[in-house]
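Computed from a predicted model, the values in this text were never measured in an experiment. When reading the values below, keep in mind they use all heavy atoms of this one structure, side chains included, and skip hydrogens, waters and symmetry mates. Whatever order the structure lists ligands and atoms in, that order sets their numbers, starting from 1.
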Amino acid sequence: MGNSRLAGFYKQSIEERINQAANAMGLNSADLSAWSSGGIDHAAADHMIENVIGLHSMPVGLGLNFQINGRDVLVPMAIEEPSVVAGASFMAKLARSGGGFQTTTSEPLMIGQMQVINLANLHEAKFKLYEHKAELLAAADEIDPVLKKFGGGARDLEVRIIEDSPVGGFIVIHLIYDVRDAMGANAVNTACERLAARVEAITAGKVHLRILSNLADRRVARARCTIPVDALAFEDFSGETVRDGIIAAYAFAAVDPYRAATHNKGIMNGVDAVVIATGNDWRAIEAGAHAYAARSGKYTSLSQWGTNAQGDLVGSLEMPMAVGIIGGATKVHPAARAALKLIGVKTASELAEIIVAVGLAQNMAALRALATEGIQRGHMSLHARQVAIAAGASGDMIETIAAQMVAEKTVRSDRAEELLKSLGA
Ligand code: MEV
């Protein structure tokens with residue numbers, strides 16, 4: 001791929017942007033045509049869920065400037081909130097001046113849970129299960145021949161004893177499954193369901209729940225970036241002031257769950273936008289992220305910010321990232337297919353790494369704004385345009401009225417209406 005710094009991109013028409021993005025990735029604009037309609041029609045929707053009554057669209061914006069492990073990437077982001085795409089792109093530009101994002105992933109290991117109840121002796125059941133571990137793993141391994149062909153399959157089996165609960169003691173089996181490029185829910189759920197009879201025979205108990213865990217802490221993605229301190233300076237803010245402001249903002253999230261929830265929401269602004277654009281299950285990613293943030297028993301920040309020996313700003317983010325590039329909406333939704341084409345990944349792990357880099361960039365965008373000029377300024381111009389439209393402005397008048405309201409620092413519907421009248425509309 002060429003360069004992810006597409007100069008003047010925001011000034012172009014949507015058609016020109018599509019052409020430029022397609023060219024940069026060596027694609028035809030036809031490869032990305034799904035975005036002109038939103039991707040699916042009523043008939044397609046009717047095959048996806050029940051009781052379909054229509055479609056719900058969202059804008060797709062392009063995250064620019066991302067360089068991930070030395071590769072330039074254009075990142076489609078589906079989101080309704082202003083400032084997110086611009087914020088991520090701007091931070092990716094700053095990160096680029098420090099070498100871009102360095103990312104890694106663990107193996108794509110998902111956890112399937114089986115709850116075994118009605119056991120006379122929890123410890124005896126646990127030992128028996130371990131005695132049959134090889135046999136259970138071999139059986140689970142045969143369940144998805146396609147995954148097996150691509151190098152996936154059952155990897156491990158762990159048994160946990162829950163001594164006490166509202167219904168007394170029980171056992172939890174964790175089936176660790178390598179799902180390769182799939183999100184993995186189907187493979188893991190099927191494996192757990194199929195093993196149930198054998199587990200009941202071994203333990204003389206009853207297998208109750210059989211379902212994957214969204215706390216995918218064996219399938220994490222990590223991103224790190226270094227921002228040269230001088231690159232952080234803007235307007236009256238020195239690089240050191242911005243750096244220390246970001247670190248102090250991080251410290252707040254590290255110790256306070258009320259702040260950590262909002263801080264992590266900012267990370268998820270970036271993460272979810274890419275997860276949604278690529279047709280992945282964002283509820284699974286949300287659930288995994290927040291459970292991971294609370295894994296120590298106290299909910300905290302998913303990211304960390306500090307300095308290196310040179311005094312540059314260093315950020316890092318590690319979180320569960322159960323995304324796939326085969327199966328489900330990633331394959332059947334034309335807009336998701338366009339996103340995967342543009343992003344140009346060959347494995348789910350690569351996609352996971354890009355997503356976590358976008359999350360880190362987004363987090364930095366929020367902290368930088370909060371630690372300096374506040375969050376509202378960046379939001380204002382798009383918000384002002386929406387207020388102008390709601391007041392009845394159209395065409396060039398939208399921009400004129402919005403710019404006037406921003407200049408006056410009065411973005412309100414009554415002022416928009418006044419301006420509209422004064423312009424003779
Ligand atoms: C708004 O969508 C996200 C922020 O609240 C994140 C944060 O506070 O870090 C700005």
Side-chain angles (χ1 to χ4, degrees), residues 58-63 66 75-95 101 223-225 227 232 234-235 237 241-277 282-283 285-294 298-307 313-319 321 355-387 406 409 411:
M58 247 204 241
V60 178
L62 201 55
F66 278 90
V75 191
M77 301 172 72
I79 185 153
E80 85 298 345
E81 183 173 330
S83 304
V84 170
V85 177
S89 301
F90 182 60
M91 294 311 140
K93 193 165 153 190
L94 294 190
F101 295 88
R224 186 172 64 80
C225 66
I227 320 287
L232 290 167
F234 74 104
E235 294 177 5
F237 298 100
T241 305
V242 178
R243 176 198 65 197
D244 296 345
I246 289 175
I247 296 171
Y250 151 67
F252 186 3
V255 300
D256 176 32
Y258 287 92
R259 173 58 205 152
T262 325
H263 174 102
N264 291 340
K265 190 273 185 184
I267 293 173
M268 301 314 285
N269 276 345
V271 166
D272 285 341
V274 191
V275 171
I276 293 170
W282 74 92
R283 288 85 57 209
I285 300 299
E286 282 281 340
H290 297 291
Y292 197 65
K298 185 178 175 200
Y299 186 86
T300 184
S301 166
L302 281 166
S303 63
Q304 289 82 35
W305 292 95
T307 54
L313 178 69
V314 180
S316 60
L317 172 62
E318 177 186 272
M319 59 188 289
M321 197 46 69
I355 294 172
V356 84
V358 176
L360 185 59
Q362 199 59 54
N363 181 218
M364 185 176 145
L367 298 190
R368 174 184 172 275
L370 289 167
T372 55
E373 60 193 10
I375 209 75
Q376 284 309 93
R377 185 169 142 189
H379 277 294
M380 260 323 145
S381 71
L382 274 173
H383 175 59
R385 277 193 241 164
Q386 276 158 12
V387 171
V406 170
K409 295 197 170 70
V411 182

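- For residues 246-260, the set of pairs meeting the salt bridge (Lys or Arg N to Asp or Glu O under 4.0 Å) definition, not counting sequence neighbours, is empty.
- Residues Phe252 and His263 form no side-chain contact, since every pair of their non-hydrogen atoms from C-beta on lies 4.5 Å or further apart.
- Side-chain contact between Ile267 and Gln362 is absent, with no heavy atoms from C-beta onward closer than 4.5 Å.
- For residues 262-271, the set of pairs meeting the salt bridge (Lys or Arg N to Asp or Glu O under 4.0 Å) definition, not counting sequence neighbours, comprises Glu81-Lys265.
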Ligand 1 polar-atom proximity to protein (N/O, under 3.5 Å):
| residue | atom | partner | partner atom | Å |
| --- | --- | --- | --- | --- |
| ligand 1 | 2 (O) | Glu81 | OE1 | 3.4 |
| ligand 1 | 2 (O) | Glu81 | OE2 | 2.6 |
| ligand 1 | 2 (O) | Lys265 | NZ | 2.7 |
| ligand 1 | 2 (O) | Asn269 | ND2 | 2.9 |
| ligand 1 | 8 (O) | Arg259 | NH1 | 2.8 |
| ligand 1 | 8 (O) | Arg259 | NH2 | 3.3 |
| ligand 1 | 9 (O) | Arg259 | NH2 | 2.7 |

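- Pairs engaging residues 355-367 under the salt bridge (Lys or Arg N to Asp or Glu O under 4.0 Å) rule: none recorded [sequence neighbours left out].
- Here the side chain of Ser301 pairs no donor or acceptor atom with the backbone of Ala260 at under 3.5 angstrom.
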